[in-house]
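Order of the sequence lines fixes the chain letters, A, B, ..., with proteins taken first and strands second; residue numbering starts at 1 for each chain. Values below: all heavy atoms of this structure, side chains included; hydrogens, waters and symmetry mates excluded.
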Number of protein chains: 2
Amino acid sequence: MPKHPIRVVAKKTGLSAGLIRIWERRHGAVTPVRTETNRRLYTDEDIERLILLGRATQSGESISQIARLSKDELIKLLSAGGHIEPKESSADRVDLTIKSASEYLELCFKAVRDLDPGLIEATLLKASVGLTQRALFEQVLGPLMYSVGDLWREGDLKVVHEHLASAVVRTFLGNMSGGYAAHESAPRIIVTTPVGQLHEFGALMAGLTAASAGWKTIYLGPNIPAGDIASAVLHNNARVVALSLIYPADDPRMGNELEQLHTILGGKAQIIVGGRSAEGYRNVIDKIGALLVKDLSSLQFRLDSIRSVNAA
Amino acid sequence: MPKHPIRVVAKKTGLSAGLIRIWERRHGAVTPVRTETNRRLYTDEDIERLILLGRATQSGESISQIARLSKDELIKLLSAGGHIEPKESSADRVDLTIKSASEYLELCFKAVRDLDPGLIEATLLKASVGLTQRALFEQVLGPLMYSVGDLWREGDLKVVHEHLASAVVRTFLGNMSGGYAAHESAPRIIVTTPVGQLHEFGALMAGLTAASAGWKTIYLGPNIPAGDIASAVLHNNARVVALSLIYPADDPRMGNELEQLHTILGGKAQIIVGGRSAEGYRNVIDKIGALLVKDLSSLQFRLDSIRSVNAA
DNA sequence: TTAATATTTGACAAAACTTGAACAAATAAT
DNA sequence: ATTATTTGTTCAAGTTTTGTCAAATATTAA
């Protein structure tokens with residue numbers, strides 16, 4: 001297995017090289033092997049471990065108490081208290097320092113305002129090592145999309161900003177699900193918006209939610225005809241289709257589209273509908289036996305139960 | 001099997017000849033055969049290997065540690081790239097052998113047909129380590145987009161396929177330019193399509209071209225109003241705006257949009273127009289002093305000359 | 001022959017790494 | 001309030017690594 005010099009470890013963990021060394025000397029957090037000339041060489045496990053330790057210390061744990069914990073114990077620790085806001089870092093001049101979720105959010109927001117896609121992505125990449133995935137979704141990506149959408153509607157931001165934010169989040173969603181939905185056996189879900197629904201914010205959020213719930217997420221983008229959605233579902237053996245309806249709330253075509261989708265699918269997949277305007281189409285939704293979810297946590301709940309049923 | 005002298009290898013790998021020799025002498029990174037007169041002759045595998053080693057060192061790995069790794073190990077090392085997931089990655093099961101550009105193209109195409117975004121991305125990732133960036137753009141991404149677009153127009157593929165292909169390429173463009181346009185001093189270019197132009201294939205290709213020509217590329221997506229384009233240009237101090245016009249070829253709004261863009265910019269940036277339908281708007285293009293390019297290589301030529309002029 | 005390209009060796013300087021010590025800021029203990 | 005302890009950073013001095021260069025020699029092509 002290839003081993004890495006300390007600069008690579010620093011880059012991937014977001015910790016400074018000095019800190020990594022001092023954690024080793026003072027607490028034996030990791031024990032890298034050495035070359036004949038005394039250089040440290042780290043394994044991939046060492047890096048994972050340091051990332052976990054970094055997150056844990058950010059959420060308030062003291063390094064001396066956790067340095068010797070096993071990987072499993074660290075994961076348990078993090079998933080239990082994932083919501084703790086990190087303490088304010090006094091000196092934040094280096095871009096390598098790990099920041100809190102709200103700081104990342106602010107940086108992303110500024111980058112969107114400045115129309116700098118590269119900066120957004122770099123920020124999100126850093127955030128992804130500094131935060132747990134749940135925190136990244138719920139405290140950074142979600143709020144970012146909501147606030148950009150709101151400001152766009154109020155006229156403070158322009159279409160480009162909304163486009164740009166979706167593009168970046170979409171990119172990130174793609175990256176995530178790539179390295180995440182590991183199992184080939186994972187249940188599949190198609191996420192999209194029907195014809196007439198041009199805004200993909202909701203669909204993207206649904207995609208993020210599904211991915212973090214362990215589904216293999218196939219994101220089709222906005223404004224897709226029922227026939228195309230259906231063929232995607234059948235082609236992929238997807239168990240669920242998630243549709244996001246944001247605006248308009250009274251599109252006369254929607255009834256047709258949904259019924260058509262239901263007909264072609266013939267019960268082979270569960271249709272789940274959500275979004276701000278979903279309520280407006282309740283009649284059709286009930287008629288075709290689709291599920292209506294009112295927010296992302298009920299989506300997650302539905303997905304979990306569908307998954308456990310089919311797994312049995 | 002064809003063998004290559006060192007100057008060819010240097011050109012293809014982007015490494016200096018001296019560096020290639022020193023990697024051989026100090027670490028046995030490659031062991032080219034010699035002619036009777038002691039000249040080195042490299043195989044294609046040697047070249048691939050050197051490209052991989054170059055990328056790995058670029059990302060921080062130390063040459064002394066990785067010089068002896070096998071090709072597969074190098075690829076795995078590079079694929080680990082951005083995120084490190086605690087879970088076992090499905091990349092272990094992926095075929096790691098390096099293929100030719102046309103094989104990658106075929107795999108991508110099949111993945112698009114099967115609506116499998118994850119597979120497309122995995123394939124492109126492998127292609128990106130197995131091929132030079134130029135080959136990836138010109139022999140895989142470009143042809144993929146063109147053929148998907150054509151088949152869509154002929155009715156063999158559906159909208160989803162086109163959406164999916166653009167989404168993946170867009171994602172990939174984002175990734176590329178992130179790790180690519182390193183220089184803060186690099187000239188900036190805005191790439192987009194005006195209102196009414198819904199297809200982003202051309203714009204994506206233009207973005208890829210600009211990125212590989214060393215420009216910091218800011219991609220806004222399709223269907224953007226002139227006012228928004230202009231504010232993006234001014235906000236970013238961009239030197240060039242590239243617009244792609246594919247379909248329709250006779251939108252009556254286009255005249256207004258282009259003139260408006262020209263007026264707001266006031267000569268602060270060069271407007272370049274391209275795409276299948278650009279010719280149809282020649283009148284306006286000439287009127288506002290924009291450049292019309294007929295293909296991607298002329299775009300590249302224009303960008304090169306603009307860059308060298310402003311650099312002086 | 002002349003100019004361009006390669007090869008080998010040794011040398012060199014910049015960048016990176018290691019260790020030890022000192023320091024300031026924040027926390028905990030008295 | 002004062003005193004320890006913890007924690008992360010910074011500095012200095014001494015190695016090691018790494019890419020580049022120059023010099024001397026050899027080969028190739030025009």
Side-chain angles (χ1 to χ4, degrees), chain A residues 2-42 46-47 50-51 53-69 84-100 130, chain B residues 3-42 46 50-51 53-68 182:
Chain A
K3 304 228 173 50
H4 315 277
I6 199 169
R7 59 174 175 274
V8 172
V9 183
K11 183 161 216 155
K12 291 194 176 178
T13 58
L15 308 170
S16 76
L19 186 54
I20 296 171
R21 282 192 280 261
I22 221 67
W23 278 3
E24 175 190 346
R25 183 204 294 177
R26 299 213 266 238
H27 313 106
V30 287
T31 49
V33 297
R34 303 297 188 105
T35 67
E36 302 89 2
T37 57
N38 204 28
R39 299 297 175 91
R40 277 169 249 257
L41 288 179
Y42 295 83
D46 289 333
I47 296 179
L50 286 169
I51 288 179
L53 287 173
R55 286 183 189 161
T57 53
Q58 278 303 304
S59 62
E61 304 291 337
S62 72
I63 184 62
S64 58
Q65 299 303 309
I66 61 172
R68 301 279 190 174
L69 293 184
I84 300 173
E85 273 293 307
K87 52 188 175 180
E88 291 298 320
S89 58
S90 51
D92 60 336
R93 52 189 180 293
V94 191
D95 54 326
L96 276 179
T97 48
I98 294 184
K99 302 181 175 58
S100 73
Chain B
K3 303 246 170 47
H4 315 276
I6 198 168
R7 87 188 101 87
V8 175
V9 182
K11 186 122 195 167
K12 286 195 175 182
T13 58
L15 308 170
S16 76
L19 187 55
I20 295 173
R21 291 194 201 99
I22 220 68
W23 279 2
E24 175 188 345
R25 176 168 107 203
R26 298 213 264 236
H27 312 107
V30 287
T31 49
V33 297
R34 303 298 186 105
T35 66
E36 304 89 0
T37 58
N38 204 29
R39 298 301 177 89
R40 291 174 172 82
L41 287 180
Y42 295 84
D46 288 334
L50 286 169
I51 290 177
L53 287 173
R55 299 212 185 152
T57 54
Q58 197 67 33
S59 71
E61 302 294 341
S62 65
I63 185 62
S64 58
Q65 294 303 313
I66 61 172
R68 300 278 190 176

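- If you take CD of A:Glu24 and P of C:dT19, they are 8 Å apart, rounded to a whole angstrom.
- Counting non-hydrogen atoms under 4.0 angstrom, B:Arg7 reaches the backbone sugars and phosphates but no base.
- The side chain of A:Arg25 sits closest to C:dA21 out of D:dT20, D:dT7, C:dA21.
- Between A:Val9 and A:Thr13, the closest heavy-atom pair is O-OG1, 2.7 Å.
- Among the nucleotides D:dG8, C:dT18, C:dA6, the one closest to the side chain of B:Arg21 is C:dA6.
- Residue contacts for B:Arg40: at a heavy-atom cut-off of 4.0 Å it reaches the sugar-phosphate backbone alone, with no base atom in range.
- Across all strands, B:Ser62 comes closer than 4.0 Å only to sugar-phosphate atoms, never to a base (heavy-atom distances).
- No engagement by B:Thr57 is indicated, since no non-hydrogen atom pair under 4.0 Å with the nucleic acid exists.
- Side-chain atoms of A:Ile22 lie closest to D:dT9 of the nucleotides D:dT7, D:dT9, C:dT7.
- Considering only the side chain of B:Leu19, D:dG19 comes nearest among C:dC17, D:dG19, C:dT8.
- Judged by atom type and distance alone, B:Arg26 reaches the base of D:dG19 through a side-chain donor-acceptor pair under 3.5 Å.
- Contact record, B:Val30 with B:Glu24: O-CG, 3.2 Å, taken as the closest heavy-atom pair.
- Counting only distance, with no hydrogens or angles, the side chain of A:Arg7 and the backbone of B:Gly60 share a donor-acceptor pair below 3.5 Å.
- At D:dT18, one or more side-chain N or O atoms of B:Ser64 fall inside 4.0 Å of OP1 or OP2 (strictly under the cut-off).
- Ranking D:dT27, D:dT7, C:dT7 by closeness to the B:Asn38 side chain, first place goes to C:dT7.
- Distance from the side chain of A:Arg39 is smallest to D:dT15 among C:dG10, D:dT15, C:dT7.
- At whole-Å resolution of the value, CG in B:Leu41 and P in C:dT7 are 9 Å apart.
- When each of A:Thr31, A:Thr37, A:Asn38 is paired with A:Arg34, the side-chain hydrogen bond (donor to acceptor under 3.5 Å, both in side chains) condition holds for A:Asn38 and for no other.
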